[in-house]
Amino acid sequence: MSPSSKSETFLDVDGEEVRISSPEKVVFPEPGLTKLDLARYYVAVAEGALRGAGGRPMVLKRFVKGLSQEPFFQKRVPEGHPPYIDTATLHYARGTSAEEAVVRNAAGLAWVSNLGCLDLNPHPVRAEDLDHPDELRVDLDPMPGVDWSQIVDVAFIAQDVLTDHGLVGWPKTSGSRGLHILVRIAPQWTFADVRLAAETLAREVENRAPGLATARWWKEERGESVFVDFNQNAKDRTVASAYSIRPLPDARVSTPLDWDEVRSRRPEEFTVRTVLERFAERGDPHAGIDEAVGSLDGLLALARELGPAEKPPRSGDGEGRRVSQMPLIEVARTKTKPEAQEALERWKAEHRDAAGKLHPADELVDGMRGSSSLWYRVRINLQHVPEAERPQQGALLADYDPWAGRGPAGGGPRT
């Protein structure tokens, strides 16, 4: 029987009373974790979690309907938020603004957890200076078919590049398949500068490890490599910060590591229960990150040396759309990832000969940001299918429109 919607309890967190609604509601059935368990987890690891997310404006990624439903993204802090939640007003490139939540203490972590926020998604700036990031984020995102050892090899190459340019990287599991490397920097550079530095890092990693790593932004061009995702440093982007609980059945956690752990440990080892034990026993491996502040001068000098990155070709239709060099067909657009996977399997069943020639990285299932939540696009890269055997673009097996009813025509998905 599910708990009553009116049930509640209160946590005393350093003198602040934090309300937890439906505390017995099971969020993670596999390990049996409730809403109250998750709030208590964040209080227990608050020192480390605040090192990653504290003092930063945060997008609230809310799983109010549980793991089986897509979350929605809430930029504006809810009205009636408690006094221990600060706010900061961010201005976006499209001309809008939002007053976002700023968490500064363990009570704030428990409060956002109660809203259904499993992971924490802070911006790379402090609330006191919203225009100058103090963190460069290296996101190592493996393509399908890439194993952990290749991710680790790329991580150590990225560490070498950072060291060569006067910077210190702090690794953590992403909580999914990849690795993040966090780099504290002085808040002296604009978002454009930081993104350029991150792109330069990615290009240099690719230069040092061709075939293992790629800086190619377009997914269909990466092959079975590790994408060094520099665009996570663009303004308005957020990533799951340290000690974030990820929406996987085992309640996996994005966990800070020492460099000597990177090769021997695996992401699936770090869950809410195991990280609680680890944190109690050894504390936070990233405890020194705020004292390791570096300069982007070295990477920006390398950017000038390398010259501008190659830009993808554009069409001549006057609209500036990108022209892919790969033989892509689109299969479906769906509201949820399970629907996307179902559409992919349906297409493969209908085109067995072609499907049998696909490599893992040829099956492209992409989460796309909609107005307030993710939607999913399914594409097939036919590069490994002989041209004469390639299926033609047909009607989409599913055609979900995430912008339906949300504004004037023309606000549809960007491809």
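Values in this document were obtained by computation on a predicted structure and should not be read as measured data. Just so you know, residue 1 is the first one in the sequence shown, and it goes up from there.
Side-chain contact between Pro187 and Pro133: absent, with no pair of heavy atoms (C-beta onward) separated by less than 4.5 Å. Contact check for Val138 versus Val228: side-chain heavy atoms found under the 4.5 Å cut-off. Annotation: side chain of Leu120 is in contact with side chain of Val112 (closest heavy-atom distance under 4.5 Å). Side-chain contact between Leu364 and Ile380 is absent, with no heavy-atom pair separated by less than 4.5 Å. Within the 4.5 Å cutoff, no side-chain heavy atoms of Val239 are placed close to those of Asn121. When side chains are defined from C-beta on, Val275 counts as touching Tyr41, because their heavy atoms get closer than 4.5 Å. In this structure, Leu67 and Leu118 have side chains that are in contact, with non-hydrogen atoms separated by less than 4.5 Å. Side-chain contact between Asp284 and Pro256: present, with at least one pair of heavy atoms (C-beta onward) separated by less than 4.5 Å.
In this structure, Thr255 contributes its side chain and Val253 its backbone to a donor-acceptor pair below 3.5 Å. With Gln150 contributing its side chain and Asp147 its backbone, the two residues share no donor-acceptor pair below 3.5 Å. A distance-only check finds no donor-acceptor pair linking the side chain of His165 to the backbone of Leu300 [under 3.5 Å]. With hydrogens and angles disregarded, a donor-acceptor distance shorter than 3.5 Å links the side chain of Arg62 to the backbone of Leu115. Remark: the backbone N or O of Leu212 is not paired with any side-chain donor or acceptor of Ser225 at under 3.5 angstrom.
Atom CZ of Arg40 is surrounded by 12 or fewer heavy atoms from other residues, nucleotides or ligands within 6.0 Å. Atom NZ of Lys65 has 12 or fewer neighbouring heavy atoms from other residues, nucleotides or ligands inside a 6.0 Å radius.
Between Tyr243 and Phe279, the gap from one ring centroid to the other is short of 6.0 Å.
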Side-chain donor-acceptor pairs under 3.5 Å in residues 337-345, sequence neighbours left out?
unit_1, atom_1, unit_2, atom_2, d
Glu339, OE1, Lys335, N, 3.3
Glu339, OE1, Thr336, N, 3.1
Glu339, OE1, Thr336, OG1, 3.2

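In this structure, the separation between CG on Leu38 and CD1 on Ile20 is 9.5 Å, given to the nearest 0.5 Å. For the atom pair CG of Asp164 and CG of Leu201, the computed distance is 11.0 Å after rounding to the nearest 0.5 Å. Atom OH in Tyr42 sits 4.5 Å away from atom OG in Ser244 (nearest 0.5 Å). Atoms OG1 and CZ, from Thr238 and Arg56 in turn, are 12.0 Å apart once rounded to the nearest 0.5 Å. To the nearest 0.5 Å, atom CH2 of residue Trp148 and atom CZ of residue Arg266 are 7.5 Å apart.
Relative orientation of the Phe230 and Phe227 rings is perpendicular, given thresholds of 30° and 60° on the angle between their planes. In this pair, Trp259 and Phe156 present their aromatic rings tilted. The plane angle is within the 30 to 60° band.
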- Message: Using the rule given for side chain to side chain donor-acceptor pair (under 3.5 Å), can you reason through Thr190 versus Asp193, listing the C-alpha separation, both sets of side-chain angles and the distance that settles it, and then say yes or no?
- Response: CA-CA 5 Å; Thr190 65; Asp193 292 330; 3.2 Å; yes
- Message: Could you walk me through whether Asp139 and Arg177 satisfy the salt bridge (Lys or Arg N to Asp or Glu O under 4.0 Å) test, starting with their C-alpha distance in whole Å, then the side-chain angles of each, then the deciding distance to 0.1 Å, before giving a yes or no?
- Response: CA-CA 11 Å; Asp139 181 4; Arg177 295 182 60 237; over 6 Å; no
- Task: May I have the step-by-step check of side chain to side chain donor-acceptor pair (under 3.5 Å) for Ser22 and Lys35, ending in yes or no?
- Result: CA-CA 7 Å; Ser22 303; Lys35 279 190 70 180; 5.6 Å; no
- Steps toward side-chain contact (heavy atoms from CB on, under 4.5 Å) verdict (Ile289, Arg51): CA-CA 8 Å; Ile289 191 172; Arg51 191 168 282 119; 3.7 Å; yes
- Task: In sequence, state the C-alpha distance, the side-chain angles, and the governing distance for Glu100 and His123, and then conclude on side-chain contact (heavy atoms from CB on, under 4.5 Å).
- Result: CA-CA 10 Å; Glu100 297 190 8; His123 291 269; 3.0 Å; yes
- Item | Verdict with reasoning, Phe28 to Thr34, per side-chain contact (heavy atoms from CB on, under 4.5 Å) | CA-CA 7 Å; Phe28 289 93; Thr34 65; over 6 Å; no
- Worked check of side-chain contact (heavy atoms from CB on, under 4.5 Å) between Val183 and Leu162: CA-CA 9 Å; Val183 183; Leu162 290 169; 3.9 Å; yes
- Item | Working for side chain to side chain donor-acceptor pair (under 3.5 Å), residues Asn231 and Arg195 | CA-CA 7 Å; Asn231 212 44; Arg195 185 183 182 280; 2.6 Å; yes
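Counted by atom type alone, Ser254 and Lys172 present one or more donor-acceptor pairs between their side chains at under 3.5 Å. Checked by atom type, the side-chain pair Gln232/Asp229 shows a donor-acceptor distance below 3.5 Å. Defined by atom type and a distance below 3.5 Å, a donor-acceptor pair is present between the side-chain atoms of Thr87 and Glu99. At a cut-off of 3.5 Å, with distance as the only test, a side-chain donor of Asp129 or His132 sits close to an acceptor on the other residue.
Using a cutoff of 4.0 Å between basic side-chain nitrogens and carboxylate oxygens, Asp353 and Arg390 are not scored as salt-bridged. In this structure, Glu199 does not pair ionically with Arg203, as no charged nitrogen and carboxylate oxygen lie closer than 4.0 Å. Classification of Arg273 and Asp37 as a salt-bridged pair fails, no side-chain N sitting under 4.0 Å from a carboxylate O. Using a cutoff of 4.0 Å between basic side-chain nitrogens and carboxylate oxygens, Glu330 and Arg333 are scored as salt-bridged.
In this structure, His91 and Ser97 approach most closely via the heavy-atom pair ND1-CB, 3.5 Å. Here the shortest heavy-atom pairing between Gly294 and Trp189 reads O-CZ3, 4.3 Å. For the residue pair Leu299 and Thr200, the shortest heavy atom distance occurs at O-CG2, 3.5 Å. Shortest non-hydrogen contact noted between Pro144 and Glu224 is O-CG, 3.7 Å. Smallest separation of non-hydrogen atoms from Asp131 and Phe191: O-CD1, 3.9 Å. For the residue pair Pro327 and Asn381, the shortest heavy atom distance occurs at CD-OD1, 3.7 Å.
For Lys61, the side-chain hydrogen bond (donor to acceptor under 3.5 Å, both in side chains) criterion is met by Asp119, not counting sequence neighbours. Partners of Arg282 according to the salt bridge (charged side-chain N to carboxylate O under 4.0 Å, His left out) rule, which considers only residues two or more places apart in sequence or in another chain, are Asp258, Glu261. The salt bridge (charged side-chain N to carboxylate O under 4.0 Å, His left out) test applied to Asp297 returns no partner, not counting sequence neighbours. Every salt bridge (charged side-chain N to carboxylate O under 4.0 Å, His left out) that Glu350 has, sequence neighbours left out, goes to Arg346. Every residue meeting the salt bridge (charged side-chain N to carboxylate O under 4.0 Å, His left out) condition with Glu135, not counting sequence neighbours, appears here in chain and number order: Arg137, Arg184.
Note that Lys75 lies in the cation-pi zone of Tyr92, set by a 6.0 Å cut-off to the ring centre and a 45° limit from the axis.
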